[in-house]
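Take a look at the structure below.
All values below were derived from every heavy atom in this structure, side-chain atoms included, with hydrogens, water molecules and symmetry-related copies excluded.
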Amino acid sequence: MTTFDEREKGFERKFANDQELEFRATARRNRLLGEWAAGLMGLENAHDYAQAVVKSDFEQPGDEDVLRKVSKDLAGAGLSVNEGEVRAKMDELLAVAREQVKSGA
């Protein structure tokens, strides 16, 4: 194997690892978001709601499905939390989730 081939394989491994870490961070962010929203709504079983939020991310590519679910559920609970606030919380929690995944927490 040439040096070029070795470098190429190294870059492929790094890319795959980075993608895996980002997937895990997004799933953790969605769980944290679900726990946050469950707390706002006063749900007794925050874990189940958080799992539902994580599952909602598999409906479509991107974050819009999660944003829609949480915004709709908060509105349905009579809370006045707009999509911009939910999106800001998603951004905040993604940074937290990335740090947790990097640290192995």
Side-chain angles (χ1 to χ4, degrees):
M1 188 181 302
T2 67
T3 303
F4 180 76
D5 291 335
E6 291 172 10
R7 282 187 63 181
E8 183 179 22
K9 293 289 183 196
F11 284 125
E12 288 172 359
R13 282 191 299 275
K14 181 179 180 337
F15 178 78
N17 186 47
D18 289 349
Q19 291 299 304
E20 173 67 21
L21 290 175
E22 190 62 18
F23 175 81
R24 290 176 48 213
T26 300
R28 184 170 300 210
R29 185 262 335 252
N30 292 341
R31 181 180 53 82
L32 294 170
L33 182 69
E35 291 171 354
W36 169 77
L40 290 178
M41 292 184 285
L43 299 178
E44 289 183 22
N45 200 342
H47 175 75
D48 287 346
Y49 182 74
Q51 290 299 337
V53 172
V54 171
K55 288 178 184 176
S56 74
D57 192 27
F58 298 113
E59 293 174 10
Q60 297 175 337
D63 294 335
E64 296 305 310
D65 43 2
V66 173
L67 177 66
R68 258 192 321 276
K69 175 177 181 33
V70 172
S71 295
K72 179 182 166 194
D73 292 347
L74 289 170
L79 299 169
S80 60
V81 179
N82 65 44
E83 284 189 7
E85 292 171 308
V86 175
R87 191 177 301 279
K89 192 64 167 179
M90 289 172 73
D91 292 342
E92 174 190 328
L93 292 174
L94 183 57
V96 170
R98 282 179 178 146
E99 285 302 314
Q100 289 178 352
V101 167
K102 283 181 187 176
S103 70

Practice item. Assess whether side-chain contact (heavy atoms from CB on, under 4.5 Å) is satisfied between F23 and V101, documenting all intermediate values. Key: CA-CA 10 Å; F23 175 81; V101 167; over 6 Å; no
Check your understanding: Hey, what do you get for CD (E59) to NZ (K69), rounding to the nearest 0.5 Å?
Key -> 8.5 Å
Point to revise | Set of residues satisfying side chain to side chain donor-acceptor pair (under 3.5 Å) with respect to E64, sequence neighbours excluded | key: R87
Practice item. Working to the nearest 0.5 Å, report the span between CG of L33 and CG of L67. Key: 8.5 Å
Exercise for review: Determine, step by step, whether K102 and L21 satisfy the side-chain contact (heavy atoms from CB on, under 4.5 Å) criterion, reporting the C-alpha distance in whole Å, the side-chain angles of both residues, the deciding distance to 0.1 Å, and the verdict.
Suggested key: CA-CA 8 Å; K102 283 181 187 176; L21 290 175; 5.6 Å; no
Check your understanding: Considering all heavy atoms of both residues, which atom of V54 and which atom of A27 are nearest to each other, and what is their separation?
Key -> CG2-O, 3.7 Å
Review point. Could you go step by step and tell me if L32 and Q100 meet the side-chain contact (heavy atoms from CB on, under 4.5 Å) rule?
Key: CA-CA 11 Å; L32 294 170; Q100 289 178 352; 4.1 Å; yes
Practice item. Following the transitive rule for hydrophobic clusters with a side-chain heavy-atom cut-off under 4.5 Å over Ile, Leu, Val, Met, Phe, Trp and Tyr, establish whether L43 and V66 coincide in one cluster. Key: yes
Point to revise | Main-chain N/O of N82 paired with E85 side-chain donor or acceptor, under 3.5 Å | key: yes
Study note, to complete from the structure: On a heavy-atom basis, the closest approach of A97 and A25 is CB-O, 3.3 Å
Point to revise | Heavy-atom neighbours of E44 CD exceed 12 at 6.0 Å | key: no
Review point. Could you give the distance from CD (E8) to CZ (R13), rounded to the nearest 0.5 Å?
Key: 11.0 Å
Review point. What is the distance from atom CD of E35 to atom CG of L40, rounded to the nearest 0.5 Å?
Key: 12.5 Å
Study note, to complete from the structure: Between the CG atom in N30 and the CG atom in L94, the distance rounded to the nearest 0.5 Å is 9.0 Å
Point to revise | CA sep, side-chain torsions, deciding dist, call: Y49, V53, side-chain contact (heavy atoms from CB on, under 4.5 Å) | key: CA-CA 6 Å; Y49 182 74; V53 172; 3.5 Å; yes
Exercise for review: Using a strict 4.0 Å threshold on nitrogen-to-oxygen distance, state whether E22 and R98 make a salt bridge.
Suggested key: yes
Revision key, fill the gap. The residue among D57, D91, D63 that forms side-chain hydrogen bond (donor to acceptor under 3.5 Å, both in side chains) with R29 is D63
